[in-house]
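First up is the structure itself, then whatever we jot down about it.
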There are 2 protein chains.
Amino acid sequence: MSDLLTRLREQGWRLTAQRRVVAEVLDGEHVHLTADEVHARAVDRLPEISRATVYNTLGELVQLGEVLEVSTDGRAKRYDPNAHHAHQHLICSVCGTIRDVHPSADPLAALPDAERFGFAVSGAEITYRGLCPDCRAAT
Amino acid sequence: MSDLLTRLREQGWRLTAQRRVVAEVLDGEHVHLTADEVHARAVDRLPEISRATVYNTLGELVQLGEVLEVSTDGRAKRYDPNAHHAHQHLICSVCGTIRDVHPSADPLAALPDAERFGFAVSGAEITYRGLCPDCRAAT
DNA sequence: TCCTAACTTGGACTTTGTCTAAGTCAACAC
DNA sequence: GTGTTGACTTAGACAAAGTCCAAGTTAGGA
Ligand SMILES: [Mn+2]
Ligand SMILES: [Mn+2]
Ligand SMILES: [Zn+2]
Ligand SMILES: [Zn+2]
């Protein structure tokens, strides 16, 4: 995480208390928080931080490629700091739990040329859906 | 489409002018409209139809499995009447154009057991991203 | 230490969607 | 055809998620 702060400073970022706190909240490998969840946790550490700054900072981190935006359900976007390790998501249809998963094949390989319609295809996001162990048990 | 109306009547649906108009707007194979776009087109045919009814009707069609909800960008959900033919989506990163595409392999097959974490995995939605021919040309 | 462009803030505003109470009407019975 | 009634529709209030702005603050270089 401190290497993240280093990278950001090299990008010309001013290192403010607010940005540091947002970066700290996003620390950890398997976090998928909404902007308001990030804000709530940031407030625990820095009570005066505003919602606008959290949104601004998250947007900047996404621009810089340090954080991924994940929109899976038409509700609030989730912010994923695991941006340097390509992966996909597995989501429980009942409780909404999100897991990072790593498919064995390159998803792009499954899309034949005839199905590309002249697009320059550059990426694929996969959302696997199912029931998590807890929700399977609770039937 | 009239077979859709037949199926709905068999489900105990009252066949109102409003529902008929929403079904008509969603007719066609490759349509991916937002709720407000559906409302705008419905108003052309039935000026007094309300937003609430469009949302209600779309929700009912989704419940019945006649229409799919597609959330790709954290903005408004899109409604997809092509529900009886499994497919995935290819979206232009610049202009947002959406195409239906049909991958050659079952996406679930690419997720090894070791990556399922005890989930009962039942489906996968793939969003391919790239540049459409028009946006490639306009560089 | 001072200066200033960059950053932050609270609150207004927008977009997307949900909810409710009151009014309307499709479909069935007769 | 007429009457009845529960399902349906409506306008508008409300809520959640996100954007924008003018005014105030501050990190970091001079
Ligand atoms: Mn992730
Ligand atoms: Mn489609
Ligand atoms: Zn679950
Ligand atoms: Zn395009």
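Just so we're on the same page: letters track the sequence lines, and every chain starts at 1. Please read all numbers here as calculations on a predicted model, not as lab measurements.
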Take B:Tyr79 and B:Thr57 through the side-chain contact (heavy atoms from CB on, under 4.5 Å) test and state the conclusion after the steps. CA-CA 11 Å; B:Tyr79 291 88; B:Thr57 304; over 6 Å; no
Given D:dT10, is OP1 or OP2 found less than 4.0 Å from the side-chain N or O atoms of B:Thr53? yes
For Watson-Crick and G-U wobble pairs within 3.5 Å on both distances, what is DNA chain D written in dot-bracket notation, | included for inter-strand pairing? ||||||||||||||||||||||||||||||
Can you give one letter per nucleotide of nucleotides 14-20 of chain D, going 5' to 3': B for a protein heavy atom under 4.0 Å from the base, S for sugar-phosphate only, - for none? --SSBBB
Under the 3.5 angstrom rule, does the side chain of B:Glu115 hit a backbone N or O of B:Ala110 as a donor-acceptor pair? no
Whether A:Gln18 side chain and A:Glu48 backbone form a donor-acceptor pair below 3.5 Å: no
Does a nitrogen or oxygen in the side chain of B:Arg19 sit under 4.0 Å from OP1 or OP2 of D:dA7? no
Any donor-acceptor N/O pair, B:Arg116 side chain to B:Leu111 backbone, under 3.5 Å: yes
Separation of C:dG23 atom P from B:Glu48 atom CD, nearest Å, is 18 Å
Validation row: B:Leu8, B:Leu4 side chains within 4.5 angstrom (heavy atoms): yes
Check whether any side-chain N or O of A:Thr34 sits under 3.5 Å from a backbone N or O of A:Arg78 as a donor-acceptor pair, and report yes or no. no
For nucleotides 23-30 of chain D, just jot down a letter per nucleotide in 5' to 3' order: B, S or -, based on protein non-hydrogen atoms under 4.0 Å. ---BBS--
Could you tell me the separation between the CD1 atom of B:Ile49 and the C1' atom of C:dC25, rounded to a whole number of Å? 15 Å
Between B:His87 and B:His89, ring centroids under 6.0 Å: yes
Short question: side chain of A:Arg51, backbone of A:His39 - any donor-acceptor pair under 3.5 Å? no
Quick one: is B:Gln18 getting a side-chain N or O under 4.0 Å of the C:dC25 phosphate, OP1 or OP2? no
B:Asn82 and B:His32: side chain donor to acceptor below 3.5 Å: no
Tell me the closest heavy-atom pair linking B:Cys132 and B:Cys92, and the distance in Å. N-SG, 3.4 Å
Whether A:Arg129 side chain and B:Glu125 backbone form a donor-acceptor pair below 3.5 Å: no
